[in-house]
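Input: a single structure, listed below in structure tokens.
Sequential numbering from 1 along the given sequence is applied to the chain's residues.
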Amino acid sequence: MNRAYRSGALALMAAFFFSGCVWAPGQHLARTKPGPGQIRTSGNDQLDLVAITPRLIAQEQAGRATDSIPQELLDYQPEPYRIGVGDVLYITVWEHPELTVPAGSQQQTNLAGRLVQSDGTLFYPYVGKIQAAGMTPTELRDHLARELARVVQEPQVDVSILTYGSQRVWVTGAAQQSRVVPLTVTPQTLQDAISNAGYNATQADLSGVQLTRDGVTYTLDVTRLGGRPIYLRADDQIYIPYLDAKEVFVVGEVTLPGAQNFKTGSISLSQALGRARGLAQATADGNAVYVIRGAKPDALEQQPSVVYQLEAKSPAAFAVASQFELLPGDVVFVGAAGITRWSRFVNQLLPFTGIIRNAAATSNDLSNN
């Protein structure tokens, strides 16, 4: 019976050995695709494994170039400025200072301005109440010249805006000071508004600026606009996010694993590995460098998470890694080499073999007794 017990123990140990090899640390991910009509469930069938190659880099760069700026924002062209409620106008009638500055030359220019009232009107001598809101400065100038021609011979009229108060955008977030930026007769761009408001270079994430218009929020990388203007419209809202939300995670067989914050618009795979002090030479598998990118929460059913693989044993792979950009939340995982996986498996197996040996010894003692 002692011999039978030992045989059974050895069989159990062998079964554990071969099953353990399947789940040994550092196993490679396999690409699996659900068939037609199948639903992705938990496990590897939620993942697509994609090799990091020059072709993939070119595809991603082309995608960023075409998709980074929504076409509706590029197509928008601002109309001529139209006077609105809250604007303060300065109306000049040449050679008629009594109309330009009624209180005399001692009156300050800003006090001589004419405010557009809440109903959109303003009052002007010899003309009366004028519905100024909705007119351009040129249209108001021509209207005043026609009306004043009844009392002034060939009046020369000029209309300028002292204070812009009717059209504005808001800049909030990591700006030096959240503020309202007025729109003027000169078309204002997104870049202009951010520059006027100022931003904290150590805290602001210009790669994720959010522009909200008509209830729709667009996320824009201002650092990649490349001189293409994004013109603003009245009531646009601009939010500059903070950098503290941007981090990637490097784990596995690297010298210095952990979370990494980055303050630039992006961080490449090679930069992340460099910050982690590189792969652990004694234990890392150069062909098992993975980037795990989760799907968006609202698209888990339709879009799988993606795992990108880099074969880092080739020197050319690091040139590719320098062009592969990580996204906030990405996890870089470096697997262990085969000998390291075997060593760890044996270390996990030894306590179990000790239990079997003790059990066999106990059984032998019982049999002898």
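In this structure, Phe333 and Tyr290 have parallel ring planes: the angle between them is below the 30° cut-off, well short of the 60° mark.
Looking at Thr136 and Pro80, their side chains come closer than 4.5 Å, going by heavy atoms from C-beta outward. At least one side-chain heavy atom of Val209 sits under 4.5 Å from a side-chain heavy atom of Ile194. Taking the side chain as every heavy atom from C-beta outward, Val291 and Leu310 never approach each other to under 4.5 Å. Put simply, the side chain of Val251 reaches to within 4.5 Å of the side chain of Val331, judged on heavy atoms. Between Arg293 and Val307 there is no side-chain heavy-atom pair separated by less than 4.5 Å. Here the side chains of Trp170 and Asp235 are in contact, with some heavy-atom distance below 4.5 Å. Inter-residue side-chain proximity for Leu273 and Val334 is flagged as met; some heavy-atom pair is nearer than 4.5 Å. Val157 is not listed as a side-chain neighbour of Thr92, based on a closest heavy-atom distance of 4.5 Å or more.
Between the side chains of Ser195 and Asp192, no donor-acceptor pair of N or O atoms lies under 3.5 Å. Side-chain contact check for Gln71 and Asp75: at least one donor-acceptor pair (N or O, by modelled atom type) lies under 3.5 Å. Asn196 and Gln188 share a side-chain donor-acceptor pair at under 3.5 Å. For Glu325 and Ser268, the side-chain atoms include no donor-acceptor pair closer than 3.5 Å. Remark: the Ser166 side chain and the Tyr81 side chain contain an N/O donor-acceptor pair separated by less than 3.5 Å.
Heavy-atom contacts from other residues, nucleotides or ligands closer than 6.0 Å to OH of Tyr199 number 12 or fewer.
A pairwise comparison of heavy atoms in Ala272 and Leu326 identifies CB-CD1, 3.6 Å as the closest pair. When all heavy atoms are compared, the tightest approach of Glu139 to Met135 is OE1-CA, 3.4 Å. Across all their heavy atoms, Arg233 and Leu183 have their closest contact at C-CD1, 3.6 Å. In plain terms, the two heavy atoms of Ala193 and Leu232 that are nearest each other are CB-CD1, 3.6 Å. Of all non-hydrogen atoms in Tyr242 and Gly173, the two that sit nearest each other are OH-O, 3.0 Å. The shortest heavy-atom contact between Arg277 and Leu256 is CG-CB, 3.9 Å.
Between the OH atom of Tyr308 and the CG atom of Leu269 there is a distance of 12.0 Å, given to the nearest 0.5 Å. Note that the CZ atom of Arg168 and the CG atom of Asp236 stand 12.5 Å from one another [nearest 0.5 Å]. To the nearest 0.5 Å, the span separating CG on Asp205 from OH on Tyr239 amounts to 9.5 Å. How far CZ of Arg141 is from CD of Gln156: 9.5 Å, rounded to the nearest 0.5 Å. Atom CG in Leu140 sits 6.5 Å away from atom CG in Leu122 (nearest 0.5 Å). Atoms CD1 and CG, from Ile292 and Leu49 in turn, are 10.5 Å apart once rounded to the nearest 0.5 Å.
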Ile240 vs Val171, side-chain contact (heavy atoms from CB on, under 4.5 Å): CA-CA, chis, key distance, verdict: CA-CA 8 Å; Ile240 306 175; Val171 181; 4.1 Å; yes
Determine, step by step, whether Ile130 and Thr121 satisfy the side-chain contact (heavy atoms from CB on, under 4.5 Å) criterion, reporting the C-alpha distance in whole Å, the side-chain angles of both residues, the deciding distance to 0.1 Å, and the verdict. CA-CA 5 Å; Ile130 306 169; Thr121 64; over 6 Å; no
Apply side-chain hydrogen bond (donor to acceptor under 3.5 Å, both in side chains) to residues Thr219 and Gln210 and explain how you reach the verdict. CA-CA 5 Å; Thr219 301; Gln210 297 176 2; 4.7 Å; no
Checking Ile230 against Arg228 for the side-chain contact (heavy atoms from CB on, under 4.5 Å) test, could you report, in this order, the C-alpha distance in whole Å, the side-chain angles of both residues, the deciding distance, and whether it holds? CA-CA 7 Å; Ile230 304 296; Arg228 289 169 291 183; 5.8 Å; no
Going through the distances and angles, do Phe249 and Gln260 end up as a side-chain contact (heavy atoms from CB on, under 4.5 Å)? CA-CA 6 Å; Phe249 307 88; Gln260 298 180 4; over 6 Å; no
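Val289 and Val306 fall within the same hydrophobic cluster, where Ile, Leu, Val, Met, Phe, Trp and Tyr residues are linked whenever their side-chain heavy atoms come under 4.5 Å apart, directly or through other members. Linking ILVMFWY residues whenever their side-chain heavy atoms come closer than 4.5 Å, directly or via other members, places Val151 and Val127 in the same cluster. Hydrophobic clustering places Ile57 together with Val50 (ILVMFWY residues linked when any side-chain heavy atoms are closer than 4.5 Å, directly or through intermediates). In the hydrophobic cluster analysis, where Ile, Leu, Val, Met, Phe, Trp and Tyr join through side-chain heavy atoms closer than 4.5 angstrom, Tyr231 is grouped apart from Val169. In the hydrophobic clustering of ILVMFWY residues, with side-chain heavy atoms under 4.5 Å counting as a link, Phe123 and Leu89 come out apart.
A donor-acceptor pair is defined here as one N or O able to donate and one able to accept, closer than 3.5 Å; no such pair exists between the side chain of Gln309 and the backbone of Ile52.
The existence of a salt bridge linking Glu72 and Arg213 is excluded, since no basic side-chain nitrogen approaches an acidic carboxylate oxygen closer than 4.0 Å.
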